[in-house]
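Data first, discussion second: the structure below is written as structure tokens.
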There are 2 protein chains.
Amino acid sequence: MHRESTASVIARQLRTAIMERTLQPGAQLSETALSAQFGVSRGPLREAMQRLVQEGLLRSEPNRGLFVIELDEADIRDIYVARTAVEGAAATMIARARVPAALRELRAACDAMTTSLELGDPAALSDADFHFHDVLVQCSGSRRLVRMHQTLIVETRMCLTALEGTYQQPLELVEEHNQIVAAIEAGDVKLTLKRVELHMDEALRRLIHAEDDDNQAYI
Amino acid sequence: MHRESTASVIARQLRTAIMERTLQPGAQLSETALSAQFGVSRGPLREAMQRLVQEGLLRSEPNRGLFVIELDEADIRDIYVARTAVEGAAATMIARARVPAALRELRAACDAMTTSLELGDPAALSDADFHFHDVLVQCSGSRRLVRMHQTLIVETRMCLTALEGTYQQPLELVEEHNQIVAAIEAGDVKLTLKRVELHMDEALRRLIHAEDDDNQAYI
DNA sequence: AAGAGTTTGATTGTTGACAATCATTGCATG
DNA sequence: CATGCAATGATTGTCAACAATCAAACTCTT
């Protein structure tokens, strides 16, 4: 029938629910409620949940239940530390290899951001932003970097969804991406790494500031 | 009763079994056999297995079963790419912060390697080696780097167990670790990163060569 | 004899019921 | 009135039986 295990399907649905804050941070996941909602039994649902526990998106309290993780400022900083490590490695790999197809894809993803900016569509810009970072890591060709990155992106989206996707300084944001791609295209490994690190620092700064504006302690 | 979920316990046991090659690469995991072996029912066992699928240690073929991953040379290279990203980030973080307690722990872990070398105990050297890299990432204080690293270490051990733990050039190995710690202690971030990258390149080279000697296509 | 179709065996996937554990509520007691 | 204790309700954790799927062996046909 399906070419994918049900646990995998349910896990993805749970992941998006957490990302979109349908399942809010700190919320307990009721097995009966969710199994009814997804139309499966508790067995497959529990298997899916264990996947997210391993990913670190759910926290398990034995004999108590499973809860959506809550991200404080230290977590957000940690997410960006990890993202810098992963995306920095991916970007330098691409800058070293300079496979034409990869460069084209990256440039296209970057141009899509520019287009969204010019159209004044913040939601599209956010999507294009995430798509760019996806493409960046995918193009590295490293299966392990891709896998590690997926979870980090979900966590990042958790934060951004909380701020309702309005970027503070969209112009700077797009320019930073352009600069990264330019460095990669030039094959300048050191500059590439530096610009990825700069972009992450700036993105983190914008995120923390936005959070301050909203007076939200927890995201 | 237990302060840990059974799925978590079983997952760890499976992980070590894969690491030690009790469960060989490519082998199918029989649910009934394993549940009997671990003394649990199929339910908790399946939950544990889904964790390893998420980690990438098991490969799922729907309606066929779960199989231990097989690592070819491309995988080994990928593991070291990912490890360089994670451990490089961890090491630079420690070099920046230079928390005394962390430096002491690192130095101790490094000295343990020297001791094992002098005692001529290859098994102890291997353990000390892995312990060092564990400490390195732990001391970074990044929960996400730690989590990503755990899986990478299991995969690395899978490879090394295949070669029966005999290092090719133990003297160089220990010296590389000493050099990394020295750079961290000096607070030289750039040098630290360079030496971590060098160590990973060398470790990969030694691993691939050892593999060639054994004429093993797959590990 | 070779190939296609069918049957058979074993395995996974799923389900619902049962047992254990924990938080809460109400009650008795100091 | 506060505190400790017991009963209760709901939830998670576990299990064994059932259904679905797949691979391989066997048979029948050409």
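Sequence lines set the chain letters: A, B, ... in the order given, protein chains first and strands last, and positions in each chain run from 1.
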Polar contact flag, side-chain donor to acceptor under 3.5 angstrom, [X]-[Y]:
X: A:His177; Y: A:His133; answer: yes
X: A:Ser35; Y: A:Glu31; answer: no
X: B:Thr84; Y: B:Glu197; answer: no
X: A:Ser116; Y: A:Asp121; answer: no

Output the rounded distance in Å from [atom1] ([X]) to [atom2] ([N]).
X: B:Gln28; N: D:dA23; atom1: CD; atom2: P; answer: 10 Å
X: B:Asn63; N: D:dT21; atom1: CG; atom2: P; answer: 7 Å
X: B:Leu66; N: C:dT11; atom1: CG; atom2: C1'; answer: 12 Å
X: A:Leu29; N: D:dT12; atom1: CG; atom2: P; answer: 9 Å
X: B:Glu4; N: D:dG13; atom1: CD; atom2: P; answer: 13 Å
X: B:Glu31; N: C:dT11; atom1: CD; atom2: C1'; answer: 8 Å

Problem set entry | Closest to side chain of B:Thr6, choosing from D:dT14, C:dT12, C:dC22 | D:dT14
For this session: With a 4.0 Å heavy-atom cut-off, tell me which residues in residues 32-56 of chain A come close to DNA chain D, sorted by residue number.
Result: A:Arg42, A:Arg46
Exercise. Does A:Arg64 put a side-chain nitrogen or oxygen below 4.0 Å from OP1 or OP2 of C:dT21?
Worked result: no
For this session: Could you tell me which residues satisfy side-chain contact (heavy atoms from CB on, under 4.5 Å) with A:Ser30, sequence neighbours excluded, listed by chain and number?
Result: A:Thr32, A:Ala33
Problem set entry | Selection residues 153-163 of chain B - residue pairs positive for salt bridge (charged side-chain N to carboxylate O under 4.0 Å, His left out), sequence neighbours left out | A:Arg144-B:Glu155, B:Asp127-B:Arg157
